[in-house]
Amino acid sequence: SPSPVTVAVTGAAGQIGYSLLFRIASGAMLGPDTPVALSLLEITPALGAAEGVAMELDDCAFPLLHSISISDDATTAFAGASVALLVGSRPRTKGMERGDLLAANGAIFTTQGRALAESAADDLKVLVVGNPANTNALIAMSNAAGVPRERFTAMTRLDHNRALAQLASRTQRPVTDIRHMTIWGNHSATQYPDLFRAEVGGTVATELVDDQAWLEGEFIPTVQKRGAAIIEARGSSSAASAASAAIDHVHDWVHGTPDGDWVSMAVPSDGSYGVPEGLISSFPVTCADGSYSIVGGLELDEFSRARIDASVAELVEERDAVAGLGLLG
Ligand code: NAI
């Protein structure tokens, strides 16, 4: 039987971890033929809670779950990891200044970037979920000397899936009829969910819906603010849907995107579509043979161009702020 793949998960005792780990262990992420060795990273006070999650994972008797290890040391937790899901981060709390937030996450993601470079496997793939995800990924990438930059990605798949669901609902068509959905830019309220390139049953979504007021007044803000709406309704932030999106992101990166479709991933820009090189920004990507490529040659209308530029400007600001704090390696 094939040897297990080591998957490291940070923030393992958190809300997202509580959904994510069980899906990974069930085979939903790497497929039914790949045994998984889970390696959990938590901060010291949460190690007991991580132990409890590990006990529950044991109790599922997942056929594909080879082993579970737990550590509060990043270099130990990332040892031999082929996939690292960086979920744990320092979210903004009441009264916290932007600078404090950036500094707290800077400390986490510089350390984790260095640790990945030191101990992860050569075929490492990194997905950053912890917010601010794009900029945390940039910090980790910049501090992971020797790890190819394209291995660092951040999650906009939840936004992508939310956009699919909203469009399916509006058009009364199954999500499987939709292709070429794209989230551009930052995983934040400035993100641009793009229906001008999306198709429903082969018809361009904006032509099928033909309602610019809905697009601007409902669709875009609903997708952009869905995270806040979930917090409002549930009393805590989206967790199972975030975990599901993380599974989708890594699944497609490893196993490839379907013929004739693409997905949204925040990846280091190669300068495509005027996004400054090296910024971790969301693009339409296709995946094959374990790597992704940014979909090239799309014509952007004025409306989309302006929205993308606004989100990219925010990413530039975030980059400049963390560079100013000396966090970019
Ligand atoms: P949570 O607060 O329930 O769990 C976070 C866990 O991370 C905690 O157990 C904490 O002890 C741990 N942690 C903190 N610092 C750590 C470190 N240095 N090393 C290892 N573990 C550490 O939060 P939840 O709900 O699981 O969310 C996690 C992150 O994901 C948040 O930053 C949240 O904003 C973000 N998120 C991102 C989404 C996206 O679409 N990109 C969607 C939803 C959430």
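Quick note: numbers below take in every heavy atom, side chains included, and nothing from hydrogens, waters or symmetry partners. Indexing begins at 1, ligand by ligand and atom by atom, following the structure's order.
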Participant: Distance only, no hydrogens: is a donor on one side chain within 3.5 Å (strictly under) of an acceptor on the other, for H180 and D261?
Facilitator: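 No, because no side-chain N or O of H180 sits under 3.5 Å from a partner of the opposite role on D261.
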Participant: Assess R90 for proximity to ligand 1: is some non-hydrogen atom of it under 4.0 Å away?
Facilitator: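 No, that is not the case, since the closest heavy atom of the residue is not under 4.0 Å from the ligand.
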Participant: Does the N or O separation between D159 and ligand 1 drop below 3.5 Å for any pair?
Facilitator: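 Between D159 and ligand 1, no N or O pair is found under 3.5 Å apart.
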Participant: Taking the six-membered ring of W214 as reference, does the cationic atom of R170 (NZ for Lys, CZ for Arg) lie under 6.0 Å from its centre and within 45° of its axis?
Facilitator: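 Yes, a cation-pi geometry holds between R170 and W214.
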Participant: For E232, does the CD atom have more than 12 heavy-atom neighbours from other residues, nucleotides or ligands under 6.0 Å away?
Facilitator: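 Atom CD in E232 is not crowded, with 12 or fewer foreign heavy atoms closer than 6.0 Å.
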Participant: N/O of G11 under 3.5 Å from N/O of ligand 1, yes or no?
Facilitator: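 The answer is yes, given that G11 and ligand 1 share an N or O pair closer than 3.5 Å.
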Participant: Return the option from Q191, H187, R162 holding the heavy atom at the smallest distance from atom 40 (O) of ligand 1.
Facilitator: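 Heavy atom nearest to atom 40 (O) of ligand 1 belongs to H187.
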Participant: Is there a donor in the side chain of S82 and an acceptor in the side chain of D123, or the other way round, less than 3.5 Å apart?
Facilitator: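 S82 vs D123: donor-acceptor pair found between side chains.
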Participant: Return a yes/no value for Q15: is any of its N or O atoms, backbone included, closer than 3.5 angstrom to an N or O of ligand 1?
Facilitator: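 Min N/O separation from ligand 1 is below 3.5 Å for Q15.
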Participant: Side chain or backbone of L158 under 4.0 Å from ligand 1, or both, or neither, by non-hydrogen atoms?
Facilitator: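 Only the side chain of L158 comes within reach of ligand 1.
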Participant: Judged on heavy-atom distance to atom 10 (C) of ligand 1, which of E42, Q112, R157 sits nearest?
Facilitator: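 Answer by nearest heavy atom: E42.
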Participant: Using a 4.0 Å heavy-atom threshold (strictly under), name the region of N131 that reaches ligand 1: side chain, backbone, both or neither.
Facilitator: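 Contact part for N131 vs ligand 1: both backbone and side chain.
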Participant: Scan side-chain atoms only and decide if N186 and E318 contain a donor-acceptor pair under the 3.5 Å cut-off.
Facilitator: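 A donor-acceptor contact under 3.5 Å links the two side chains.
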Participant: Can you tell me how far the CG atom of L208 sits from the OG1 atom of T203, to the nearest 0.5 Å?
Facilitator: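 Output value for this atom pair is 5.5 Å.
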Participant: Does ligand 1 have a heavy atom under 4.0 Å from the side chain of A239, from its backbone, from both, or from neither?
Facilitator: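 Neither; nothing of A239 gets under 4.0 Å from ligand 1.
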Participant: Flag the pair D100 and R90 as a salt bridge only when some basic side-chain nitrogen lies within less than 4.0 angstrom of an acidic carboxylate oxygen.
Facilitator: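 R90 and D100: not salt-bridged.
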